[in-house]
Amino acid sequence: MGRAYTSSKGGFNRVAWTPHEDKRLTNYISIHGPGKWERLAKELGLNRCGKSCRLRWLNYLRPGIKRGNFSKDEEDLITRLHKLLGNKWSQIAGRLPGRTDNKIKNHWNTYLAKKAKELHFMTLPRLHMEKECPASSTGEKTGEQDTQLVNEAM
DNA sequence: AAAGAAATCAACCGCGGCACC
DNA sequence: CGGTGCCGCGGTTGATTTCTT
């Protein structure tokens, strides 16, 4: 559970958040709201940059975050959305309440990508391979088109 | 039972866009 | 109009845990 990073390897400082820091951050946000991360970091006086605080809040402390494994439904949805949108993790996360882009990205990179590939070969052996991101060749799709496609997928 | 591989989770980095001066 | 700085995003890394052999 609790993770004790011993690292401070090569001048680079990857340090786990302590419960105390979490508390300070949560408390500050409960008063001032999220945002203004630079200022927040400065005022809290933690040894953290604004980005770090933002990340911690968004991916971990923010209320409503769903823990635990992805359900089959969630995995299917992620797979479909990824096919549609590519690596637009924040957009995908927007469709999965309580799931963060980081977590979805992690899960994809370590598991679903492989699975999707296997599935692709097993079930669709004759379809020509699609380019990874069909939208990018002709420029960006509009947001509206995305929304429409996504709704169809759901 | 131990070593090595794979998976998971949390955190960092650089870049591009946008807002503001 | 150009420069500057903050923010959000996606890519990536590193530590730890779980699975396999």
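All chains are named by letter (A, B, ...) in the order of the sequence lines, taking the proteins before the strands, and each is independently numbered beginning at 1. Predicted model, so just to flag it, every value in this text is computed and none were measured. Below, each value reflects all heavy atoms present in this structure, side chains not excepted, and no hydrogens, waters or symmetry copies.
When distances run from any side-chain atom of Lys103(A) to the nucleotides dC9(B), dC12(B), dC6(C), the shortest one goes to dC9(B). Closest approach to the Lys51(A) side chain among dT8(B), dC15(B), dA11(B) is made by dC15(B) (side chain taken as heavy atoms from C-beta onward). Side-chain proximity of Arg48(A) to dC12(B), dG14(B), dA10(B): nearest is dC12(B). The side chain of Asn87(A) lies closest to dG10(C), out of dC9(B), dT8(B), dG10(C).
Atom CD1 in Ile92(A) sits 6.5 Å away from atom CD1 in Ile104(A) (nearest 0.5 Å).
Glu43(A) has its CD atom 14 Å from the P atom of dC6(C), to the nearest Å. Residue Glu38(A) contributes atom CD, which lies 13 Å from atom C1' of dT4(C) at whole-angstrom precision. When the P atom of dG8(C) is taken as reference, atom CZ of Arg62(A) falls 12 Å away, rounded to whole Å. In this structure, NZ of Lys105(A) is placed 15 Å from P of dG8(C), rounded to the nearest angstrom. Between the P atom of dC9(B) and the NE2 atom of His107(A) lies a distance of 9 Å, rounded to the nearest Å. Summarising the geometry, the separation between CH2 on Trp57(A) and C1' on dC6(C) is reported as 20 Å, rounded to the nearest angstrom. The separation between Leu55(A) atom CG and dT12(C) atom C1' is 13 Å, rounded to whole Å.
Between Asp76(A) and Arg80(A) there is no salt bridge, since no side-chain nitrogen of the basic residue lies less than 4.0 Å from a carboxylate oxygen of the acidic one.
For Arg56(A) and dA10(B), the shortest distance from a side-chain N or O to OP1 or OP2 is not below 4.0 Å. Of the side-chain N and O atoms in Ser90(A), none sit less than 4.0 angstrom from OP1 or OP2 of dG8(C). At the phosphate of dC6(C), neither OP1 nor OP2 sits under 4.0 Å from any side-chain N or O atom of Arg54(A). Under 4.0 angstrom from either OP1 or OP2 of dC12(B) there lies at least one side-chain N or O belonging to Ser52(A). Dashed line: the shortest gap from a side-chain N or O of Trp89(A) to OP1 or OP2 of dG11(C) is under 4.0 Å. Taking 4.0 angstrom as the limit, Asn109(A) places none of its side-chain polar atoms (N or O) nearer than this to OP1 or OP2 of dT12(C). Applying the 4.0 Å criterion to OP1 and OP2 of dG8(C), one finds that Trp37(A) has a side-chain N or O inside that range.
Within the shown strands, dG2(C) is the pairing partner of dC21(B) under the Watson-Crick or G-U definition, both distances less than 3.5 Å.
One N or O on the side chain of Arg99(A) and one on the backbone of Lys66(A) form a donor-acceptor pair closer than 3.5 Å.
Using cut-offs of 30° and 60° on the angle between ring planes, the pair His107(A) and Phe70(A) is parallel.
If you check every strand for non-hydrogen atoms under 4.0 Å, Asn102(A) touches a base. At the heavy-atom level, Lys36(A) lies under 4.0 Å from the strands shown only through sugar-phosphate atoms.
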- Begin with the C-alpha distance, continue with both residues' side-chain angles, and end with the deciding distance and a verdict on side-chain contact (heavy atoms from CB on, under 4.5 Å) for Leu40(A) and Ile29(A). CA-CA 9 Å; Leu40(A) 172 154; Ile29(A) 290 175; 3.9 Å; yes
